[in-house]
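Each remark here refers to the structure printed beneath this line.
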2 protein chains.
Amino acid sequence: MNDHGLSATAKVILGLLGSRPRSGYEIKAAVDRSTRYFWAASYGQIYPELRRLAEAGLIEGTDAPTGGRRRTVYELTNAGRHALGEWHREPPERFDYRDEAMLKLFFATAVEPAGAAGIARQRAEMAAETAEELRAVEAESPGSDQPGYAVLRFGIDFNEFVADWFERQALAFEEGVPLRKLPRPEAAEIEGER
Amino acid sequence: MNDHGLSATAKVILGLLGSRPRSGYEIKAAVDRSTRYFWAASYGQIYPELRRLAEAGLIEGTDAPTGGRRRTVYELTNAGRHALGEWHREPPERFDYRDEAMLKLFFATAVEPAGAAGIARQRAEMAAETAEELRAVEAESPGSDQPGYAVLRFGIDFNEFVADWFERQALAFEEGVPLRKLPRPEAAEIEGER
DNA sequence: CGCGCATATATCGCGCTGATATATATGGCC
DNA sequence: GGCCATATATATCAGCGCGATATATGCGCG
């Protein structure tokens, strides 16, 4: 395995410090403003990870108090910039997808067949709302084609895809698929996958 | 918060026991064969969770050894079937999405602008392969329209969408977006989101 | 002056993953 | 009969991640 030893949180920290020095608080704020939808991070991970990265020599912290409030600003060391470049060049991509609506749909036949359409429609509405929010964000941002903008565009396109897919699925359920006559879920478990 | 107190693992366990009694091992096998792509579970959660659910009275375990090997088969109690129904009727849906390729894309301008197209293309190929695998699974399964099959269909459609999106993005990067002239990532952080 | 909000750091419990360990059972092969 | 691979079955552990909470101070506003 190509183990560079970077945790998920470490990756987003190094990436953000790649453009400029930041405090832990600023990192969290930047994540919430930008990568949140596809790469989240919490204080509970950020602060311990900053300490670990500093100990490993990938970043360096400088005291930069604001009046009487203590504050540490971190920046990349040369080793850190190198590690960031290494990671960026590596091929294998982590990818996680977890969707509760899908799980409910999967169990619908055994639990409450009549509920399937409602579940699908609810999920469609949620996705449509998220797409709407992101479109509003896009409208007030300096539209361009750089990668930083592309990820916002993906959020919109993806949520529209999901909304459309579940809406069509809801219609299919409503238009009389004879659920009672179909095999129960265990028969539908995906076969193969040696 | 509508807290029914069910962990992610508890949901898939109750759902699977909804169709028939199973051992911990069988639950894990069923997950790997079916819900894995949108709702995973590991032994490290399944066995402790089975104990917790039994203690809470939602499931009941029966010793069912095979020869000299001990084995416990669990089934839903009435309370468990009720809890499953409750959960299934609840509206708020958990949804997580984490994509490392997207993170790399987001940092591409600051780290290695020339790599953006390659990252996008690699992700497109990965998604295309996954879609291919799922299509193979579909081909040998008893195609129908019940919810259990719908989730397999989603896997295919979703991965095709992703492959298409990243492929188009790769082309856009290649066809001369002047990356060096565009604002650096921090300027591209998504604004708004009070 | 007091209030609310932003800045800043820290901590805790719990859930979850992935790997590893330990057995026994089964079936095929020579 | 002996051997090996694979399947069945359960358990455990370190480390990462998440959400919530606690505790300050700084700053602007009325």
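Only heavy atoms go into these numbers, but all of them, side chains included; no hydrogens, no water, no symmetry mates. Proteins get letters first, then strands, A, B, ... in listed order; numbering begins at 1 in each.
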Could you tell me which residues satisfy ring-ring contact (aromatic ring centres under 6.0 Å, His included) with A:Tyr25, sequence neighbours excluded, listed by chain and number? none
Whole-Å gap separating C1' (C:dA10) and CD (A:Glu49): 16 Å
Taken to the nearest whole Å, NZ/A:Lys28 to C1'/C:dA10 is 14 Å
Determine, for nucleotides 9-14 of chain D in 5'-to-3' order, which nucleotides have protein heavy atoms under 4.0 Å from the base (write B), from only the sugar-phosphate (write S), or from neither (write -). BBBBB-
Between P of D:dC18 and CZ of B:Phe95, the distance in whole Å: 14 Å
Atom pair distance, as rounded to whole Å: CG in A:Asp32 and C1' in C:dA8: 14 Å
Just to verify, which of A:Ile59, A:Thr9, A:Val12 counts as forming a side-chain contact (heavy atoms from CB on, under 4.5 Å) with A:Glu49? A:Thr9
The criterion is ring-ring contact (aromatic ring centres under 6.0 Å, His included); which residues satisfy it with A:Phe95, sequence neighbours excluded? B:Tyr97
Backbone of B:Glu93 reached by a side-chain donor or acceptor of A:Glu100 within 3.5 Å: no
NA contact type, A:Ser7, heavy-atom cut-off 4.0 Å: base, sugar-phosphate, or nothing? sugar-phosphate
What integer distance in Å separates B:Asp96:CG from C:dT17:C1'? 14 Å
Length of the CD-C1' vector between B:Glu100 and D:dC16, whole Å: 14 Å
By ring-ring contact (aromatic ring centres under 6.0 Å, His included), B:Tyr74 pairs with (sequence neighbours left out) none
Using 0.5 Å steps for rounding, measure from the CG atom of A:Asp99 to the CZ atom of A:Phe106. 14.0 Å
Nearest-Å distance for atom pair CH2/P, residues A:Trp39 and D:dC16: 14 Å
Side-chain N or O of A:Arg22 versus OP1/OP2 of C:dT7: is the shortest distance under 4.0 Å? no
Beyond-backbone contact of A:Arg123 with A:Met102, side-chain heavy atoms, under 4.5 angstrom: no
Could you spell out the base pairing of DNA chain D in dot-bracket, with Watson-Crick or G-U pairs whose two distances are under 3.5 Å, [ ] crossing and | to another strand? ||||||||||||||||||||||||||||||
Distance (rounded to the nearest 0.5 Å) between A:Lys28 NZ and A:Arg36 CZ: 9.0 Å
Under the salt bridge (charged side-chain N to carboxylate O under 4.0 Å, His left out) rule, collect the residues that match up with A:Arg135, sequence neighbours excluded. A:Glu132, A:Glu160
Nucleotide D:dT8, atom P - distance to CD1 of B:Ile27 in whole Å: 14 Å
